[in-house]
Amino acid sequence: MALNSKIPEGPIKDKWTNYKDHINLVNPANKRHIDIIVVGTGLAGGSAAATLAELGYNVKAFAYQDSPRRAHSIAAQGGINAAKNYMGDGDSTYRLFYDTVKGGDYRSREANVYRLAEVSANIIDQCVAQGVPFARDYGGLLDNRSFGGVLVSRTFYAKGQTGQQLLLGAYSAMNRQIARGKIEMFNRHEMLDVVKVNGKARGIIARNLITGEIERHSAHAVVIASGGYGNVYYLSTNAMGSNATAAWKIHKKGAYFANPCFTQIHPTCIPRSGDYQSKLTLMSESLRNDGRIWVPKNIEDAKALQQRKMKPTDIPEENRDYFLERRYPAFGNLVPRDVASRAAKERCDAGFGVNATGEAVYLDFASAIERYGKTQAKIHNLENPSKEKIYDLGKGIVEEKYGNLFQMYEKIVDENPYKTPMMIYPATHYTMGGIWVDYNLMTTVDGLYCIGEANFSEHGANRLGASALMQGLADGYFVLPYTIGDYLSNEIRTGKIPTNTPEFDEAEKDVKERLHFFINNKGEHSVDYYHKKLGKIMWDKVGMSRNEKGLIEAMAEIKELREDFWKNVKVPGNLYEMNPELEKAGRVADFLELGELFAKDALHRNESCGGHFREESVELDGEQKGEAKRNDKDYAYVAAWEYKGEPAAAVLHKEQLEFKDIELKQRSYK
Amino acid sequence: MNLTLKIWRQKDSNAKGQMVDYKVTDISEHMSFLEMMDVLNEQLVNSGEDPVAFDHDCREGICGMCSMYINGEAHGPDRGVTTCQLHMRMFKDGDTITIEPFRASAFPVLKDLVVDRTAFERIQQAGGYISVNTSGNTQDANSIPISKHAADEAMDAATCIGCGACVATCKNSSAMLFVGAKVSQYALLPQGQIEAADRVRNMVAQMDLEGFGNCTNTGACEIECPKGISLDNIARMNRELMKASI
Ligand SMILES: Cc1cc2nc3c(=O)[nH]c(=O)nc-3n(C[C@H](O)[C@H](O)[C@H](O)COP(=O)(O)OP(=O)(O)OC[C@H]3O[C@@H](n4cnc5c(N)ncnc54)[C@H](O)[C@@H]3O)c2cc1C
Ligand code: SF4
Ligand code: FES
């Protein structure tokens, strides 16, 4: 099947407006007869469910947690971008569009990104109207901060809990519709397959995670908003339950999977402490507004730090290497994530890491505390303030901005980051790749949509900070409600979709067989045993830097591990009860397939772009020596994979990317 | 360190539960409490026993899933943390640790340490929102200036993660801290004023219907709340309720 991205005609500025003016609508009386399933209640699914219900459709929403409010969007810390230009620093729709395309290393679809930038400002209006308590300045207006990869301040935030507040906003909008009976909420339910009837998505098979019952649900359209697949690495900043099952199941039923190798390794996470580690904790990118990243200049100092014979505060200014400021003077500590992560890895690989494992760099707030302290002293008219006074005043400001993050750090590491620099190291954080969708956010299956982190769309090969929240809410509040209507206008005469049909029978049978297999297998190793092994292969060979040899090995090793899993996995308990091990088994089984496709995609893309760094493709000389080298001639396309039975047999379809409004150039942050 | 764990085991909501003893060895002080539970569960799976079911997801103190009652305290002995943020450095070699679910008649046990907190959902559905359409046709965000002080206070109230530790801690199983926090967030903001009276009435009515007890001002909830939600929120809710009834 040839990919048709369905980008509307016309100049980029007018595409979305023209599109909205000409699509088919469903009249309010007919909406009452149309059902929509939304899988996932994070920012994307939650905002979509609320808006679709408000428009009058009957929505059934699903989440594996016990409340929509607990979707992993809740954990987003730093903020959400919007081209409001409240700061008057030259921001505009075009600039947000440009930054996002450039930040994504020119691997995203221009028309989608422009639309995202266009609706971004509206998101903030919407959220404020809902009562989201964004940070404000003393004049009562909204405050902004800066994120990596841009030269303006356009990030709105609510302390270090922006995702929480935005999700609670979407959740409150959902609650309003649940109360009106327009959303039926299925908490503690996991979608285990999609059901297609005559080529169209018509429902799902879900498991009630309390009773273990297998249920059938039908609808006129199905929306997948199940989040990212970062847990394919086992350790990531995702929640323990974050998974690829919904996305992978629809992939197997015909939805193409795009750019799986585009994964974001976030530079500022708390380093690992031991083998028992179950997840990694992010320290928000917003910290790079004020924190300075460094390692020692001298290898002897690094050695001493690793052996704990020295403290970071013992190292004088002149012996510190602020390597981001050194390498990228224009953007300094605020270079995009992929660039910052690789630079940290480069220093640690060269032996300059600062903790026992040699896998950590410092993020230091001492100069910020001093700078803020001095400003505060001025504001309060203090003459000759003491060092301690300046520290206290500065600490107060830093606490106000990042207090909860500092507390989180202290609880985990048992060190006080106001006194000694934080230690950080890159970790898997976000997946730019995902289900391929067209301009309408529809997958390659009719009536099957995919939104939020689960789809591949706007972030190309690297996502800029604070843009995922923006995308999730744009998709759910402002884009999907229009595009899905265009499709559903053909469904007004369809009538209720029955669930007692052969298609549902078969899907349910497959799901049950698989679950029975797990319970009855009585193998040797726990599910976590396999998940950890998969994670290690992924991190070592498909991680921050990749090469042909490693990727070929990874594919073979993952396949072998998968075969062993299906022979030897051990799942205790029964099907018809609450059984967390059984839930994990299904998710890990899917990761074991996705991981191989991921490696295959990384192998085929023999260029370095964004988060995907191929050791074979670096600049050899000139100002950019050692930086990633993109290859636009051969790879300026979206790689969309079609499922063919085995991940290794997946067939590649290319969506060629056209850059009409932005000139393709090398990304430089120097 | 080596520890003895006394854990509440209950097959499902109809079964009768009981405390069961387990031993774990070689626990590192750097582990989180839930990582220690992972070690136990891996041990149980390997020996063919049923692992202990417990709720958790984000493991960074924000989703509100985790909910263990440890040594007689919701979220355990540390202050200002959720169960997932509790670290083993709070315990010492040879300790015996009792682990129970968050108990309240409005939070029935589903299995082992997992409870049903959907009563909180229904309270929110009764009025925990502002009735604006999500159409995007709202006024510009900066046309509603809000004093920094009010915005910060609303934010503090909105920080509640809905974990239910306040209920589990309270001898009356009162949900006033949780409901007070939500009512306060909106009461402090101009956007929330229009529906303020109905909101507080409906949310409190639903809270009573769910079987949560009354507040007798013991203040235990505030101490155990992992997010530092202050008792002022309860006072504010009572004022709002008074206002609504005149
Ligand atoms: C620690 C952290 C910090 C971040 N900080 C920022 C930030 O500051 N700014 C920013 O822009 N982005 C940030 N991000 C990224 C951003 O938070 C996510 O990309 C975004 O929230 C994803 O939203 P979502 O709605 O697509 O998915 P999620 O919020 O992950 O929601 C997924 C939903 O799907 C459900 N689900 C999944 N599988 C199934 C299934 N099989 N059946 C039923 N339901 C299912 C889940 O229950 C859940 O409701 C951060 C991410 C992390 C991990
Ligand atoms: S008030 Fe505190 S203890 Fe109660 S639900 Fe909210 S966060 Fe948990
Ligand atoms: S697991 Fe999310 S708060 Fe503890």
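Heavy-atom basis, side chains included; hydrogens, waters and symmetry copies ignored. Labels below follow one simple rule: chain letters A, B, ... track the order of the sequence lines, proteins then strands, and each chain is numbered from 1.
- A/Gln165 touches chain B through its side chain: at least one heavy atom from C-beta onward sits under 4.5 Å away, while N, CA, C and O do not.
- For chain B, the nearby part of A/Glu54 is the side chain; its heavy atoms alone come within less than 4.5 Å.
- Of the possible donor and acceptor atoms, one in the side chain of B/Lys227 sits under 3.5 Å from a partner among the backbone N and O of B/Gly61.
- Ring pair A/His525/A/Tyr529 is parallel by interplanar angle, where below 30° counts as parallel and above 60° as perpendicular.
- Only the side chain of A/Leu168 has a heavy atom closer than 4.5 Å to any heavy atom of chain B.
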Verdict with reasoning, B/Glu35 to A/Lys279, per salt bridge (Lys or Arg N to Asp or Glu O under 4.0 Å)
CA-CA 9 Å; B/Glu35 282 165 351; A/Lys279 77 153 278 161; over 6 Å; no

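- In this structure, chain B has a heavy atom under 4.5 Å from the backbone of A/Thr237, while its side chain stays farther away.
- Only the side chain of A/Arg188 comes within contact range of chain B, with heavy atoms under 4.5 Å apart.
- A/Leu280 touches chain B through its backbone: at least one of N, CA, C or O sits under 4.5 Å from a heavy atom, while the side chain does not.
- If you measure heavy-atom distances from B/Ser143 to chain A, you find no contacts under 4.5 Å at all.
- Atom CG of B/Asp93 has more than 12 heavy atoms from other residues, nucleotides or ligands within 6.0 Å.
- Interface remark: B/Leu110 contributes side-chain atoms only to the contact with chain A (heavy atom separation under 4.5 Å).
- Interface residue B/Glu42: only side-chain heavy atoms are found under 4.5 Å from chain A.
- Look at B/Lys111 and B/Asp12 and you find no salt bridge, because none of the NZ, NE, NH1 or NH2 atoms lies under 4.0 Å from a carboxylate O.
- Within the 4.5 angstrom heavy-atom criterion, atoms from both the backbone and the side chain of A/Asp66 approach chain B.
- Ring-centre distance between A/Phe134 and A/Tyr157: not below the 6.0 Å cut-off.
- Interface remark: B/Thr159 contributes backbone and side-chain atoms alike to the contact with chain A (heavy atom separation under 4.5 Å).
- Within the cation-pi definition used here (under 6.0 Å to the ring centroid, within 45° of the axis), A/Arg587 qualifies as a partner of A/Tyr64.
- With a 4.5 angstrom heavy-atom cutoff, A/Gln177 does not touch chain B via any of its atoms.
- Contact annotation for B/Leu188: neither backbone nor side-chain heavy atoms come within less than 4.5 Å of a heavy atom of chain A.
- A salt bridge links B/Arg79 to B/Glu224: at least one charged side-chain nitrogen sits closer than 4.0 Å to a carboxylate oxygen.
- When heavy atoms are compared at a cutoff of 4.5 Å, A/Ile210 approaches chain B solely by way of its side chain, counted from C-beta outward.
- Comparing A/Ser242, A/Gly140, A/Gly163 by heavy-atom pairs within less than 4.5 Å of chain B, the highest count is held by A/Gly140.
- Of the two parts of B/Arg89, only the side chain, counted from C-beta on, holds a non-hydrogen atom closer than 4.5 Å to a non-hydrogen atom of chain A.
- Chosen from A/Ser526, A/Ala179, A/Gly169, the residue pairing most often with chain B at heavy-atom distances under 4.5 Å is A/Ser526.
- The part of B/Glu49 that comes within reach of chain A is its backbone (N, CA, C, O), which places non-hydrogen atoms under 4.5 angstrom from that chain.
- A salt bridge links B/Arg59 to B/Asp38: one of the charged nitrogens lies within less than 4.0 Å of a carboxylate oxygen.
- Heavy atoms closer than 4.5 Å to chain A are found nowhere in B/Asp112, neither backbone nor side chain.
- Both the backbone and the side chain of B/Val132 come within contact range of chain A, each with at least one heavy atom under 4.5 Å from a heavy atom of that chain.
- B/His87 touches chain A through its side chain: at least one heavy atom from C-beta onward sits under 4.5 Å away, while N, CA, C and O do not.
- With respect to chain B, the highest number of heavy-atom pairs below 4.5 Å among A/Ile412, A/Val571, A/Leu55 belongs to A/Ile412.
- The residues B/Glu153 and B/Arg236 are annotated as salt-bridged, a charged nitrogen and a carboxylate oxygen being separated by less than 4.0 angstrom.
- With a 4.5 Å cut-off on non-hydrogen atoms, B/Gln191 touches chain A through its side chain but not through its backbone.
- If you measure heavy-atom distances from B/Asp78 to chain A, the contacts under 4.5 Å come from the side chain alone.
- For chain B, the nearby part of A/Lys84 is the side chain; its heavy atoms alone come within less than 4.5 Å.
- Checked against the 6.0 Å centroid threshold, B/Phe178 and B/Phe212 do not count as a close aromatic pair.
- Using a 4.5 Å cut-off between heavy atoms, B/Asn202 does not touch chain A at all.
- Using a 4.5 Å cut-off between heavy atoms, B/Val52 makes no contact with chain A at all.
- B/His75 and B/Phe102 have their aromatic ring centers within a separation under 6.0 angstrom.
- Between B/Lys11 and A/Glu577, at least one side-chain nitrogen of the basic residue sits less than 4.0 Å from a carboxylate oxygen of the acidic one, meeting the salt-bridge criterion.
- A distance of 11.0 Å separates CZ of A/Arg70 from OG1 of A/Thr41, quoted to the nearest 0.5 Å.
- The local environment of OH in B/Tyr22 is crowded, with over 12 non-hydrogen atoms from other residues, nucleotides or ligands closer than 6.0 Å.
- There is no contact between A/Val119 and chain B, counting heavy-atom distances below 4.5 Å.
- With rounding to the nearest 0.5 angstrom, the OG1 atom of B/Thr134 is 5.5 Å from the CD atom of A/Gln126.
- In this structure, the portions of A/Thr51 lying under 4.5 Å from any heavy atom of chain B include both its backbone and its side chain.
- Relative ring orientation between B/Phe33 and B/Phe91 is described as tilted, the plane-to-plane angle lying within the 30° to 60° band.
- Heavy atoms of A/Tyr276 lying under 4.5 Å from chain B belong to its backbone as well as its side chain.
- Residue A/Asp414 touches chain B through both its backbone and its side chain, counting heavy-atom pairs closer than 4.5 Å.
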